[in-house]
Amino acid sequence: MGFAEQRFDVNLSILFTELPLLERPAAAAAAGFTAVELWWPWVDSPTPERSALDALRQAIEDAGVRLTGLNLYAGQLPGPDRGALSVPGEESERFRANIEVAAGFAGSLGCGALNALYGNRVEGVDPAQQDALALENLVLAARAADRIGAVLLIETLNRPESPLYPLVSAPAGIGIVDKVNEATGLGNAKFLMDLYHLSMNGEDLPSVIERYAAKTGHVQIADNPGRGAPGTGSLPLEDLLDRLKKAGYDGWVGLEYKPGDRPSTEAFDWLSR
């Protein structure tokens, strides 16, 4: 099948970041893409002014691209944080305040996936306490996602780059997916299968695909090593995406890689090949 058979969207929080946020949707469209995804763009505010939300919505609509995925508030990302929902105190409250705002924004654009990053372990806090808080917040997020007809994504990261993040294997991520679905009865919690993070963890990617494709709600890619574009590392991404299709995954594939020392517009030459 190959890359030509895939539906790719561009993550505007890692590509086209040389441009102001409101110019990125149009840049993605000019590069030939019809869909984009985003980390929560306002890292300091889970509840930004309505004018900021409206401006970004208008930029996406004017560009004629579809928003396929949006992260819920995750703290300083990029930065030291890896989510807020399991962090007791102010960060957890900021996550809860963000849920309806993010769901409303996503719903207004027909976005079908909200990504909830779990959050780092906190020194001096019982992991069981964090996990209980996480489940409470994920249930709230899953219900909000359900109200807009979206899935709630649970993402596995990698231990070398996120040593305090507890979900650093596919089974760990799937375990949380199952717990959320059991708690809500909605069945809309899904696995975000990021092939770069899984490869950094040394997982058997064909086996992960075979076992968990049915529970996967979104896929993201970058090559490894380096987190660059396909072809800059050694991951057989074309083959892995073919395996996903054969296993039944027919959703979007998010391009979440670093463009390197070149403009983002030059980081898609692998697609023409």
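None of the values given here were measured: they were computed from a predicted structure.
For the residue pair Phe3 and Pro230, the shortest heavy atom distance occurs at CZ-CB, 4.1 Å. Between Pro41 and Leu56, the closest heavy-atom pair is CG-CD2, 3.9 Å. When all heavy atoms of Ala189 and Asn181 are compared, the closest pair comes out as N-OD1, 2.9 Å. Closest of all the heavy-atom pairs between Ala116 and Leu152 is CB-CD1, 3.9 Å. Residues Ser162 and Val168 approach most closely at O-CG1, 4.3 Å, considering heavy atoms. Nearest heavy-atom pair, Ile148 versus Ala103, reported as atom, atom and distance to 0.1 Å: CD1-O, 3.5 Å.
Between the Trp40 side chain and the Ser45 main chain, a donor and an acceptor come within less than 3.5 Å of each other. When atom types are taken as modelled, the side chain of Arg121 and the backbone of Tyr165 share no donor-acceptor pair closer than 3.5 angstrom. With hydrogens and angles ignored, the 3.5 Å screen pairs no side-chain donor or acceptor of Asp194 with any backbone N or O of Ile221. Between the side chain of Glu203 and the backbone N or O of Val208, no donor-acceptor pair lies under 3.5 Å. Within the 3.5 Å criterion, the main-chain N or O of Pro259 finds no donor-acceptor partner in the side chain of Ser264. Panel note: side chain Gln130, backbone Val122; a donor-acceptor pair is recorded below 3.5 Å. Side-chain atoms of Thr17 do not come within 3.5 Å of backbone N or O of Ser13 as any donor-acceptor pair. A donor-acceptor pair under 3.5 Å links the side-chain atoms of Asn120 to the main chain of Pro80, judged by distance alone. Using a distance-only test at 3.5 Å, with no hydrogens or angles considered, no donor-acceptor pair links the side chain of Ser92 to the main chain of Pro88. Looking at Thr156, its side chain does come within 3.5 Å of a backbone N or O of Ser169 through a donor-acceptor pair.
Under 3.5 Å, the side chains of Tyr196 and Glu161 contain a donor-acceptor pair of N or O atoms. Residues Asn201 and Arg159 bring no donor and acceptor atom of their side chains to less than 3.5 Å of each other. In this model, no donor atom of one side chain and acceptor atom of the other lie less than 3.5 Å apart for Asn224 and Ser234. In summary, the side chains of Gln76 and Asp81 do not present any donor paired with an acceptor at a separation below 3.5 Å, with no hydrogens or angles considered. Glu37 and Gln220 are linked by a side-chain donor-acceptor pair at a separation below 3.5 angstrom, with hydrogens and angles left out of the test.
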*asked:* One pair to check against salt bridge (Lys or Arg N to Asp or Glu O under 4.0 Å): Glu100 and Arg147. What are the steps and the verdict?
replied: CA-CA 10 Å; Glu100 293 300 334; Arg147 288 194 289 272; 2.4 Å; yes

*asked:* I'd like to know whether Asp250 forms a salt bridge (Lys or Arg N to Asp or Glu O under 4.0 Å) with Arg7, so could you lay out the CA-CA distance, the side-chain angles of the two residues, the decisive distance to 0.1 Å, and finally the verdict.
replied: CA-CA 8 Å; Asp250 62 357; Arg7 293 192 298 162; 5.4 Å; no

*Take Trp270 and Thr232, measure what side-chain contact (heavy atoms from CB on, under 4.5 Å) needs, and give me the verdict at the end.*
CA-CA 9 Å; Trp270 58 275; Thr232 60; over 6 Å; no

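Put simply, CG on Leu133 and CG on Asp126 are 12.0 Å apart, with the number rounded to the nearest 0.5 Å. Atom CG of residue Leu135 and atom CD1 of residue Ile176 lie 7.5 Å apart, to the nearest 0.5 angstrom. To the nearest 0.5 Å, atom CD1 of residue Ile209 and atom CG of residue Leu195 are 5.5 Å apart. The CG atom of Asp261 lies 10.0 Å from the CD atom of Glu266; values are rounded to the nearest 0.5 Å. Leu77 CG to Leu117 CG: the interatomic distance, rounded to the nearest 0.5 Å, is 6.0 Å. Going from atom OH of Tyr257 over to atom CG of Leu237 covers 10.5 Å, rounded to the nearest 0.5 Å.
Other residues, nucleotides and ligands contribute only 12 or fewer heavy atoms inside 6.0 Å of the CD atom of Glu210. Counting heavy atoms of neighbouring residues, nucleotides and ligands inside a 6.0 Å radius, atom CD of Glu182 does not exceed 12 of them.
Residue pairs meeting the side chain to side chain donor-acceptor pair (under 3.5 Å) criterion with at least one partner in residues 64-74, sequence neighbours excluded, are Asp9-Thr68, Asn71-Asn115, Tyr73-Glu91, Tyr73-Arg94.
Considering only heavy atoms from C-beta on, Thr216 stays 4.5 Å or farther from Lys190 through its side chain. Under the 4.5 Å side-chain criterion, counting only non-hydrogen atoms from C-beta, Lys258 is in contact with Ile14. In this structure, the side chains of Met193 and Leu240 stay at 4.5 Å or more apart for every pair of heavy atoms. Taking the side chain as every heavy atom from C-beta outward, Asp54 and Glu49 never approach each other to under 4.5 Å. Side chains of Asp131 and Tyr118 form a contact here, defined as non-hydrogen atoms less than 4.5 Å apart. Annotation: side chain of Val253 is in contact with side chain of Leu241 (closest heavy-atom distance under 4.5 Å). Side-chain contact check for Val219 versus Leu244: some heavy-atom pair is nearer than 4.5 Å.
Under a 4.0 Å N-O distance rule, the pair Asp223/Arg227 does not qualify as a salt bridge. Comment: Arg243 does not engage Glu238 in a salt bridge, judged by the lack of any side-chain N to carboxylate O separation of less than 4.0 angstrom. In this structure, Arg143 does not pair ionically with Asp146, as no charged nitrogen and carboxylate oxygen lie closer than 4.0 Å.
Here Phe8 and Trp252 keep their ring centres 6.0 angstrom or further from each other. Two rings, from Phe33 and Phe268, have their centers less than 6.0 Å apart.
Hydrophobic clustering (side-chain heavy atoms under 4.5 Å, transitive across Ile, Leu, Val, Met, Phe, Trp, Tyr) keeps Leu19 apart from Val43. In the hydrophobic clustering of ILVMFWY residues, with side-chain heavy atoms under 4.5 Å counting as a link, Ile154 and Met200 come out apart. Side-chain heavy atoms closer than 4.5 Å link hydrophobic residues (I, L, V, M, F, W, Y) into clusters, and following such links, possibly through other members, connects Leu114 to Trp39. Linking ILVMFWY side-chain heavy atoms closer than 4.5 Å, directly or via other members, places Val180 and Leu186 in two distinct hydrophobic clusters. Hydrophobic clustering (ILVMFWY, side-chain heavy atoms < 4.5 Å, transitive): Val87 and Leu164 are in distinct clusters.
Partners of Ala132 under the side chain to side chain contact (heavy atoms under 4.5 Å, CB included) rule, at least two apart in sequence or in another chain, do not exist in this structure.
The other residues sharing a hydrophobic cluster with Leu153 are Val151, Leu192, where clustering joins ILVMFWY side chains under 4.5 Å apart.
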